[in-house]
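Let me begin by presenting the structure, written as structure tokens, before commenting on it.
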2 protein chains.
Amino acid sequence: MNGLDLRVVRSTLGEWADDLDDQDALDRYAAAAWSVIAEPGDGVAGAIVRALGRVEALQMITQDGLLSGIGDARTLARAQERWRPRIDGGAIAAALQTARTNGIHLLVPGDPLWPSAVDDLGVHSPLALWVRGDPARLGTDRPAVAIVGARAATAYGEHVAIELGAGLVARGIAVVSGGAYGIDGAAHRAVLRAGGVTMALLAGGADRPYPAGHAGMLADIAATGVVISEVPCGTAPTRWRFLQRNRLIAALSAATVVVEAGWRSGSLNTAGHASALGRPLGAVPGPVTSAASAGCHRLLREYDAVCVTGVDDVADLIGALPADPSSERATADATSVDTDSRRVRDALSSRTPRSVTEIARHTGLAEADVTGCLGMLELEGRARRTLNGWLRGG
Amino acid sequence: MNGLDLRVVRSTLGEWADDLDDQDALDRYAAAAWSVIAEPGDGVAGAIVRALGRVEALQMITQDGLLSGIGDARTLARAQERWRPRIDGGAIAAALQTARTNGIHLLVPGDPLWPSAVDDLGVHSPLALWVRGDPARLGTDRPAVAIVGARAATAYGEHVAIELGAGLVARGIAVVSGGAYGIDGAAHRAVLRAGGVTMALLAGGADRPYPAGHAGMLADIAATGVVISEVPCGTAPTRWRFLQRNRLIAALSAATVVVEAGWRSGSLNTAGHASALGRPLGAVPGPVTSAASAGCHRLLREYDAVCVTGVDDVADLIGALPADPSSERATADATSVDTDSRRVRDALSSRTPRSVTEIARHTGLAEADVTGCLGMLELEGRARRTLNGWLRGG
């Protein structure tokens with residue numbers, strides 16, 4: 001293939017070109033071509049596409065002229081070596097053909113339905129997305145949360161994933177995951193059963209159910225949610241495509257929650273991407289005697305993940321309001337303030353620090369009692385100890 | 001009782017006065033008297049004892065003259081009303097007699113064996129300690145850690161408490177707890193079985209085993225460790241004495257670890273004291289489906305407690321070194337760095353930030369692979385993302 005022949009481009013796009021003007025046709029073709037030519041997360045491809053636009057960038061590399069003036073020459077040369085074997089009109093045509101046959105949509109940056117959240121990945125953001133299912137379900141109006149975890153999940157982990165999945169549907173929150181066995185599958189299925197929207201991100205082509213055992217589940221997801229991949233149809237998953245798929249899970253989600261993960265689980269990589277993107281990260285604790293929770297505890301210990309014990313905690317992560325005020329947590333908070341504590345709290349000022357003795361005088365409680373209540377209130381963030389005494393907090 | 005009659009003081013102290021000069025006799029008597037007269041954590045008592053010394057302070061309040069010149073007059077008047085009914089030579093004599101009969105030692109601030117750590121409680125620090133067992137075992141040379149938790153513990157919680165107790169003995173660390181059923185008892189017993197030193201803090205007199213069902217265990221603790229109370233012999237435990245006992249558990253320990261705790265467990269009060277004292281606080285996670293772990297998860301979520309999964313984590317809390325380098329955690333860390341990650345880590349500089357592209361060039365790995373490894377390394381604190389690229393971390 002040499003340069004971009006508009007006739008070839010239109011015929012390759014087939015009916016997808018029907019209501020596109022020439023420029024739009026070239027534009028969509030170029031996006032498809034880049035997803036065939038560059039591996040996910042190829043920062044050099046991202047950089048030159050940003051600098052030149054995907055059509056001109058594609059023209060340049062297909063004309064085999066050495067790129068210049070946009071970054072380090074050696075880097076560009078190495079990138080072109082990487083891309084050259086993949087600049088193949090046949091492969092691009094095949095990818096588009098398979099997509100059309102399987103009813104898989106091509107989303108390109110700039111489309112009204114393009115999920116702009118993934119652009120937070122900068123030069124590593126995807127150059128195109130292949131979507132099985134109605135792309136409108138990517139709806140950026142609705143928040144989405146990633147529920148991920150180990151394939152080797154325990155009954156406990158799957159139970160929690162199901163609880164979270166169903167609870168998020170009740171709050172109108174979409175659930176993003178990786179379609180794998182274990183935690184991913186439990187979360188997807190819980191959403192399907194609850195009639196919510198779930199998104200499965202695949203490391204291989206959207207036309208290739210992976211794992212094969214989840215072909216049925218992925219079909220159900222495509223019917224009510226979306227199955228998404230940034231690699232073209234027909235592409236096999238590889239180790240680094242899994243790692244890059246993880247970055248998309250994190251980028252598409254307002255928060256990522258790891259339910260179960262071994263000490264070196266791939267879910268920790270997803271967690272790393274979420275955190276690098278500045279997205280809230282949650283981890284579900286489990287028995288310290290369970291290897292399947294070791295990775296979650298590591299996230300709590302070493303990575304400042306928030307301890308997630310239920311769907312209310314997930315809602316907190318993204319600042320969503322609990323579905324119903326009578327939620328467990330709300331009740332617990334209410335009852336956790338006993339009468340003595342309320343008297344002590346009422347005796348506190350938010351401006352003037354008071355000593356235990358003063359508070360004891362105000363409340364008529366023994367100082368020892370006051371100290372005890374202050375301990376509990378401080379624990380609940382309702383009292384604050386200062387050098388000059390106690391303040392009302394929270 | 002009126003004033004301090006040296007003859008009465010010496011006869012009340014009995015053989016304890018034998019090798020004491022008059023001043024020391026008065027001093028020890030005054031400490032005993034204060035622990036009879038003032039409730040644990042009585043800040044007014046603490047303040048005037050600090051201001052006047054315990055002997056002169058006792059003289060003043062026994063002479064029934066109104067205190068003055070040391071703080072708010074109304075507070076002092078109220079305090080004296082609180083103390084007056086308890087200024088009773090008979091009660092003081094009885095407490096000392098019971099202590100001698102039961103071989104319970106009186107420790108007073110300033111004694112060589114006094115655990116100075118409790119003085120971090122300021123005016124709320126104990127005015128005396130009654131110790132059943134050899135006070136030398138309070139040894140301030142040896143670090144101590146509090147292992148506390150719910151009476152209504154699960155088999156899981158008791159298992160973890162036993163593991164931690166035995167593991168701390170192996171590291172020469174003493175274990176402090178409250179002598180209660182459940183987590184406390186499991187921790188104490190594990191230490192006894194392992195031949196270590198454990199300290200039980202009681203809310204009632206050191207001569208009154210509480211709970212009664214733990215009389216045997218407390219006797220065993222007294223034989224190899226210590227049973228401690230700040231209230232005199234014969235005193236019954238009350239709600240606020242339990243809350244104040246908790247402050248002593250926290251103050252005596254370099255760190256406090258809560259193993260299991262319900263949403264409103266008293267262990268959270270101990271945790272509050274530890275944190276108010278600026279001592280490290282750890283919480284052991286458990287299944288989110290277990291009510292017995294709800295308090296621990298609350299400490300992790302709302303109170304910034306460190307997630308403790310084993311004895312190595314407890315050692316980390318107090319900056320102690322693991323007993324053996326081949327400890328679980330050490331091994332896990334070592335193996336968690338695979339060859340790709342090591343290549344990426346070697347390509348990082350601790351001063352000059354490098355881009356993914358540069359690192360890919362250095363390592364000969366695909367950029368997507370590098371990104372994945374960087375995610376893991378960042379997770380392990382071995383790489384740091386900056387605006388200009390990646391730095392070596394940790």
Side-chain angles (χ1 to χ4, degrees), chain A residues 39-44 72 74-75 78 124 156 159-160 239-241 243-244 246-247 263-264 268-269 271-273 275-276 284-289 293-294 297-298 300-303 306-310 313 332 335-336 355-357 361 366-369 371-372 375-376 378-381 385, chain B residues 39-44 72 74-75 78 124 156 159-160 239-241 243-244 246-247 263-264 268-269 271-273 275-276 284-289 293-294 297-298 300-303 306-310 313 332 335-336 355-357 361 366-369 371-372 375-376 378-381 385:
Chain A
E39 273 296 321
D42 182 329
V44 184
D72 172 67
R74 276 183 49 227
T75 310
R78 289 172 58 94
H124 298 293
Y156 163 71
H159 166 80
V160 174
R239 175 163 174 270
W240 63 82
R241 287 171 194 156
L243 292 168
Q244 291 305 299
N246 292 343
R247 97 193 188 287
W263 184 259
R264 296 184 56 196
L268 302 189
N269 168 262
H273 283 298
S275 186
V284 174
V288 297
T289 49
S293 288
H297 297 149
R298 187 176 174 192
L300 291 170
R301 262 187 75 75
E302 303 170 21
Y303 215 43
V306 173
C307 177
V308 166
T309 63
D313 296 342
T335 57
S336 74
S355 72
V356 171
T357 312
R361 189 191 310 140
E367 286 196 11
D369 254 348
T371 312
M376 288 300 291
E378 186 177 36
L379 200 57
E380 296 165 3
R385 179 187 293 254
Chain B
E39 273 297 320
D42 182 329
V44 184
D72 172 67
R74 276 182 52 224
T75 310
R78 289 173 57 95
H124 298 292
Y156 163 71
H159 166 79
V160 174
R239 176 166 173 266
W240 63 81
R241 286 172 194 155
L243 291 169
Q244 291 305 297
N246 292 343
R247 94 191 190 290
W263 184 260
R264 296 184 56 195
L268 302 191
N269 169 261
H273 284 298
S275 187
V284 175
V288 297
T289 49
S293 288
H297 297 149
R298 189 176 172 193
L300 291 170
R301 264 186 74 76
E302 303 171 21
Y303 215 41
V306 174
C307 177
V308 166
T309 63
D313 297 342
T335 57
S336 74
S355 72
V356 170
T357 312
R361 190 191 310 140
E367 287 195 11
D369 255 348
T371 312
M376 288 300 292
E378 187 177 34
L379 199 58
E380 296 164 2
R385 181 188 292 254

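All chains are named by letter (A, B, ...) in the order of the sequence lines, taking the proteins before the strands, and each is independently numbered beginning at 1.
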Contact leader toward chain B among P287(A), G272(A), A276(A), A271(A), where contacts are heavy-atom pairs under 4.5 Å: P287(A)
Contact check, side chains of H159(A) and T289(B), non-hydrogen atoms, under 4.5 Å: yes
Nearest-0.5 Å distance, NE2 of residue H124(A) to OG1 of residue T371(B): 5.0 Å
Qualifying residues under side-chain contact (heavy atoms from CB on, under 4.5 Å), relative to V288(B), sequence neighbours excluded: Y156(A), V160(A), V284(A), P285(A), T309(A), H297(B)
Region of E39(B) that comes under 4.5 Å of a non-hydrogen atom in chain A: neither
Region of R74(A) in contact with chain B, defined by heavy-atom distances below 4.5 Å: side chain
Contacts of S355(A) that satisfy side-chain contact (heavy atoms from CB on, under 4.5 Å) - sequence neighbours left out: T357(A), E358(A)
Gap between atom SG of C307(A) and atom CZ of R298(B) - 0.5 Å precision: 12.5 Å
Most contacts with chain B, counted as non-hydrogen pairs under 4.5 angstrom, among V308(A), N269(A), L268(A): L268(A)
Residue among S275(A), G286(A), G41(A) with most heavy-atom pairs under 4.5 Å to chain B: G286(A)
Part of V44(B) lying under 4.5 Å from any heavy atom of chain A: both
Chain B contact via P40(A) - side chain, backbone, both or neither, heavy atoms under 4.5 Å: backbone
